[in-house]
Colleague: 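Can you read through this structure? Questions will come right after.
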Amino acid sequence: MIRIGEINSLRILRDTDPGLFLGDEEDNEVLLPNRYVPNTFEIDDILDVFVYLDNEERLVAVTDTPYIKKGEFALLRCNAVNEFGAFLDWGMVKELFCPFREQAFKMKKGGWYLVYCYVDETSERLVASSKTNRFLDNKELTVAPFEEVDLIVSHPSDLGMNVIINKRHLGLIFKDDIFKDLSIGDKLKGIVKKIRPNNKIDISLSQIGYRNIEPSAQTLLELINDNNGFLDITDKSSPESIKAVAQMSKKSFKKALGTLYRKRLVRLEPDGIYVINK
């Protein structure tokens, strides 16, 4: 199957006046115009090509690599706006169309916008949307606390900066965790700091000491965070109290607590354990 909006590995079938016809294993064909034909080739060679609809809405293959492909997010420049929508520079001869209905804010010529690329079911052409949140889903998470993730900076909020996680989920970096300048469209690494109710994901940009912690320490740290950063038990508490609060034996609890204390993630006071906000 030839996939629109993606890189396809296709076989050279025949050489014609307009260019090379390429095909897949299901006998589907697409034209590679002369301007993209390599200087040397043989029939049956395999070429990696990007496939989309050209200016005349015909399926065409090209050897150029766009700035964005189907199912991806990217920061693109608006080259023009007309009565139908905006046209974005994505490194191809035909510009990427973003209809007005898919614009979170009205686009202007020369502006830069974070967009998602998808295939419009009606026209079967690639289009862009700056309403990026609707292409993210936090109902079923594929990430876990303390996991390293790929981020794309999405948009600011009163609480901090929203980010796209692994091209799938929406997360938030709180203002207190932002220690460098961030711009919309920036791509960087981060750590899942916490997963809150309703699968809201908090992200940290720094190695916060969470990685490689033994499972019992992770469990205890999550429990403390879920209780507003405090637990009213200590290593002096009775085994019964520890089991009732932390659901673990006193031995496991003391080992987990020791790990968190050595990593300076918590502090111990006579009345309980406090998380250290970094």
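Fair warning: this is a prediction, and the values are worked out from it, not measured in the lab.
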Colleague: Looking at CG of Leu31 and CG of Leu13, how far apart are the two atoms once the value is rounded to the nearest 0.5 Å?
Modeller: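 Result: 11.0 Å between the selected atoms.
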
Colleague: Check whether any side-chain N or O of Ser130 sits under 3.5 Å from a backbone N or O of Ala104 as a donor-acceptor pair, and report yes or no.
Modeller: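 Such a contact is found between Ser130 side chain and Ala104 backbone.
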
Colleague: Can you list everything that forms a side-chain hydrogen bond (donor to acceptor under 3.5 Å, both in side chains) with Glu222? Sequence neighbours excluded, please.
Modeller: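 By the side-chain hydrogen bond (donor to acceptor under 3.5 Å, both in side chains) rule, Glu222 matches no residue at all.
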
Colleague: Please walk me through it: do Lys243 and Glu240 pass salt bridge (Lys or Arg N to Asp or Glu O under 4.0 Å)?
Modeller: CA-CA 5 Å; Lys243 184 176 182 180; Glu240 292 77 14; over 6 Å; no

Colleague: Can you tell me how far apart CG (Leu126) and SG (Cys117) are? Round to the nearest 0.5 Å.
Modeller: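 It is 4.5 Å, given to the nearest 0.5 Å.
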
Colleague: Measure the spacing between CD1 of Ile195 and CD of Glu147 and express it to the nearest 0.5 Å.
Modeller: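 Result: 8.5 Å between the selected atoms.
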
Colleague: Which pair of heavy atoms, one from Ser9 and one from Asp48, lies closest together, and at what distance?
Modeller: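 Where Ser9 meets Asp48 most closely, the heavy atoms are OG-OD1, 2.5 Å.
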
Colleague: Does CD belonging to Gln247 count more than 12 external heavy atoms closer than 6.0 Å?
Modeller: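 Yes, because the 6.0 Å sphere around CD of Gln247 holds more than 12 heavy atoms from other groups.
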
Colleague: Take atom CD of Glu42 as the centre, draw a 6.0 Å sphere, and report whether it contains more than 12 heavy atoms from other residues, nucleotides or ligands.
Modeller: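 At most 12 heavy atoms, drawn from other residues, nucleotides or ligands, come within 6.0 Å of this atom.
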
Colleague: Side-chain donor-acceptor pair under 3.5 Å between Asn198 and Arg196, yes or no?
Modeller: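 No - no donor-acceptor pair under 3.5 Å links their side chains.
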
Colleague: Quick one, Phe50 and Thr65 - any side-chain contact, counting heavy atoms below 4.5 Å?
Modeller: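 Counting from C-beta outward, Phe50 and Thr65 never come under 4.5 Å.
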
Colleague: Can you pull the side chain to side chain donor-acceptor pair (under 3.5 Å) pairs that have at least one residue in residues 106-119, sequence neighbours excluded?
Modeller: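 Sorted pair list: Glu102-Tyr118.
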
Colleague: Checking the side chain of Glu95 only, and the main-chain atoms of Met92 only, is there a donor and an acceptor separated by less than 3.5 Å?
Modeller: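 No: the side chain of Glu95 does not pair with the backbone of Met92.
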
Colleague: Quick check against the 3.5 Å criterion: does Asp24 have a side-chain atom that pairs as donor or acceptor with the backbone of Ile2?
Modeller: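 Here the side-chain-to-backbone pair exists.
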
Colleague: Evaluate the criterion side-chain contact (heavy atoms from CB on, under 4.5 Å) for residue pair Phe73 and Ile68; output intermediate values, then yes/no.
Modeller: CA-CA 7 Å; Phe73 299 88; Ile68 187 174; 5.6 Å; no

Colleague: Among pairs that include at least one residue of residues 216-258, which meet ring-ring contact (aromatic ring centres under 6.0 Å, His included), considering only residues two or more places apart or in two chains?
Modeller: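 Residue pairs passing ring-ring contact (aromatic ring centres under 6.0 Å, His included), neighbours aside: Phe230-Tyr274.
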
Colleague: By side-chain hydrogen bond (donor to acceptor under 3.5 Å, both in side chains), which residues pair with Ser252, not counting sequence neighbours?
Modeller: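 Once residues adjacent in sequence are excluded, the partners of Ser252 under the side-chain hydrogen bond (donor to acceptor under 3.5 Å, both in side chains) criterion are Ser249.
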
Colleague: Does the side chain of Ile152 reach to within under 4.5 Å of the side chain of Val163, using non-hydrogen atoms?
Modeller: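 A side-chain contact is absent here, since even the closest heavy-atom pair is not under 4.5 Å.
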
Colleague: Checking side-chain polar atoms at under 3.5 Å, does Ser204 have a donor or acceptor matched by the opposite partner on Asp177?
Modeller: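 No donor-acceptor contact under 3.5 Å links the two side chains.
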
Colleague: Closest heavy-atom contact between Lys70 and Val119?
Modeller: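 Scanning both residues, the minimum pair turns out to be CD-CG2, 3.5 Å.
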
Colleague: Is there a path of hydrophobic side-chain contacts, each under 4.5 Å between heavy atoms of I, L, V, M, F, W or Y residues, that connects Phe135 with Leu141?
Modeller: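 No; tracing contacts between hydrophobic side chains, which count when under 4.5 Å, never links both residues.
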
Colleague: Can you tell me how far CD of Glu57 sits from CD of Glu124, rounded to the nearest 0.5 angstrom?
Modeller: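 Going from the CD atom of Glu124 to the CD atom of Glu57 covers 10.5 Å.
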
Colleague: Do the non-hydrogen side-chain atoms of Pro156 and Ile184 ever get within less than 4.5 Å of each other?
Modeller: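 Side-chain contact under 4.5 Å: yes.
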
Colleague: Is the backbone of Lys139 close enough, under 3.5 Å, to the side chain of Asp137 for a donor and an acceptor to pair up by distance?
Modeller: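 Present.
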
Colleague: Is there side-chain contact between Ile12 and Leu47, with heavy atoms separated by less than 4.5 Å?
Modeller: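 Yes. Closest side-chain heavy atoms under 4.5 Å.
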
Colleague: Would you say Lys94 has more than 12 foreign heavy atoms packed within less than 6.0 Å of its NZ?
Modeller: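 Above 12, so yes.
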
Colleague: Donor-acceptor pair, Asn162 side chain versus His155 backbone, under 3.5 Å?
Modeller: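 Yes; at least one donor-acceptor contact below 3.5 Å.
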
Colleague: Flag yes if more than 12 heavy atoms outside Phe21 fall under 6.0 Å of its CZ atom; otherwise flag no.
Modeller: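 More than 12 within 6.0 Å, yes.
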
Colleague: Quick check: do Thr132 and Val115 have side-chain heavy atoms less than 4.5 Å from each other?
Modeller: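 The answer is no; the side chains never approach within 4.5 Å.
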
Colleague: Do Leu10 and Ile46 touch side chain to side chain, with heavy atoms closer than 4.5 Å?
Modeller: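 A side-chain contact under 4.5 Å is absent here.
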
Colleague: In Å and rounded to the nearest 0.5 Å, what is the CG to CZ distance from Asp202 to Phe174?
Modeller: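 Result: 4.5 Å between the selected atoms.
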
Colleague: Val37 and Ile43: same hydrophobic cluster, using ILVMFWY side-chain contacts below 4.5 Å?
Modeller: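 Linked within one cluster.
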
Colleague: Check whether Asn199 reaches the backbone of Asn138 with its side chain - one donor and one acceptor, N or O, closer than 3.5 Å.
Modeller: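 A pair under 3.5 Å: yes.
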
Colleague: Keeping Lys194 on the side-chain end and Asn225 on the backbone end, is there a donor-acceptor pair under 3.5 Å?
Modeller: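 A pair under 3.5 Å: yes.
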
Colleague: How many angstroms lie between atom CG of Leu265 and atom CD1 of Ile273, to the nearest 0.5 angstrom?
Modeller: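 One gets 12.0 Å once the value is rounded to the nearest 0.5 Å.
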
Colleague: Does Lys131 reach the main-chain N or O of Arg101 with its side chain, forming a donor-acceptor pair under 3.5 Å?
Modeller: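 Pair found, side chain donor or acceptor close to backbone of Arg101.
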
Colleague: Do you know which two heavy atoms are closest between Pro33 and Ala61, and how far apart they sit?
Modeller: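 For Pro33 versus Ala61, the nearest heavy atoms are CD-O, 3.2 Å.
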
Colleague: Which heavy atom of Ser154 sits nearest a heavy atom of Asn133, and at what distance?
Modeller: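 Heavy-atom minimum between the residues: OG-OD1, 4.4 Å.
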
Colleague: Keeping the roles fixed (side chain from Asn227, backbone from Gly229), state whether a donor-acceptor pair exists under 3.5 Å.
Modeller: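 No; zero donor-acceptor contacts below 3.5 Å.
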
Colleague: If you compare all heavy atoms of Met107 against all heavy atoms of Ala86, which two are closest, and at what distance to 0.1 Å?
Modeller: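 Closest approach of Met107 to Ala86, heavy atoms only: SD-CB, 3.7 Å.
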
Colleague: What about Tyr52 and Trp90, are their ring centers closer than 6.0 Å?
Modeller: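 Ring-ring flag for Tyr52/Trp90: true, centres closer than 6.0 Å.
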
Colleague: Determine whether a donor-acceptor pair (N or O, by modelled atom type, separation under 3.5 Å) exists between the side chain of Asn8 and the backbone of Arg3.
Modeller: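 Yes, because the side chain of Asn8 sits within donor-acceptor range (under 3.5 Å) of the backbone of Arg3.
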
Colleague: Pick one: which of Asp150, Leu151, Val149 meets side chain to side chain contact (heavy atoms under 4.5 Å, CB included) with Lys189?
Modeller: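 Of the listed options, the one satisfying the test is Asp150.
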
Colleague: Shortest non-hydrogen contact from Ile242 to Thr234?
Modeller: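 Distance-wise, the nearest heavy atoms are CD1-O, 4.0 Å.
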
Colleague: Determine, step by step, whether Val49 and Leu22 satisfy the side-chain contact (heavy atoms from CB on, under 4.5 Å) criterion, reporting the C-alpha distance in whole Å, the side-chain angles of both residues, the deciding distance to 0.1 Å, and the verdict.
Modeller: CA-CA 10 Å; Val49 293; Leu22 312 179; 3.9 Å; yes

Colleague: Quick one: do Arg14 and Glu29 satisfy salt bridge (Lys or Arg N to Asp or Glu O under 4.0 Å)? Show the steps, please.
Modeller: CA-CA 10 Å; Arg14 58 187 181 277; Glu29 297 184 3; 2.8 Å; yes

Colleague: Other than Val81, which residues form its hydrophobic cluster under the rule that side-chain heavy atoms must be closer than 4.5 Å?
Modeller: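 Val81 clusters with Phe100.
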
Colleague: Does any part of the side chain of Val51, heavy atoms only, come nearer than 4.5 Å to the side chain of Glu6, both counted from C-beta?
Modeller: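 The answer is no, as the side chains (C-beta and beyond) never meet within the 4.5 Å cut-off.
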
Colleague: Under the criterion side-chain contact (heavy atoms from CB on, under 4.5 Å), I'd like the reasoning laid out for Ile165 against Leu136: C-alpha separation, chi angles, the key distance, then a yes or no.
Modeller: CA-CA 9 Å; Ile165 304 170; Leu136 303 172; over 6 Å; no

Colleague: Do Leu170 and Lys200 have side chains that approach each other closer than 4.5 Å (heavy atoms only, starting at C-beta)?
Modeller: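 Of all side-chain heavy-atom pairs linking Lys200 with Leu170, none is under 4.5 Å.
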
Colleague: Quick one: list whatever passes salt bridge (Lys or Arg N to Asp or Glu O under 4.0 Å) with Glu269, sequence neighbours left out.
Modeller: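 Here the qualifying residues are Arg267.
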
Colleague: Working note: Val127 + Cys98, criterion side-chain contact (heavy atoms from CB on, under 4.5 Å); need CA distance, chi angles, decisive distance, verdict.
Modeller: CA-CA 6 Å; Val127 294; Cys98 182; over 6 Å; no

Colleague: Is Phe87 reachable from Val60 through a run of hydrophobic residues whose side-chain heavy atoms are each under 4.5 Å from the next?
Modeller: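 Per the 4.5 Å side-chain linkage, Val60 and Phe87 are not co-clustered.
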
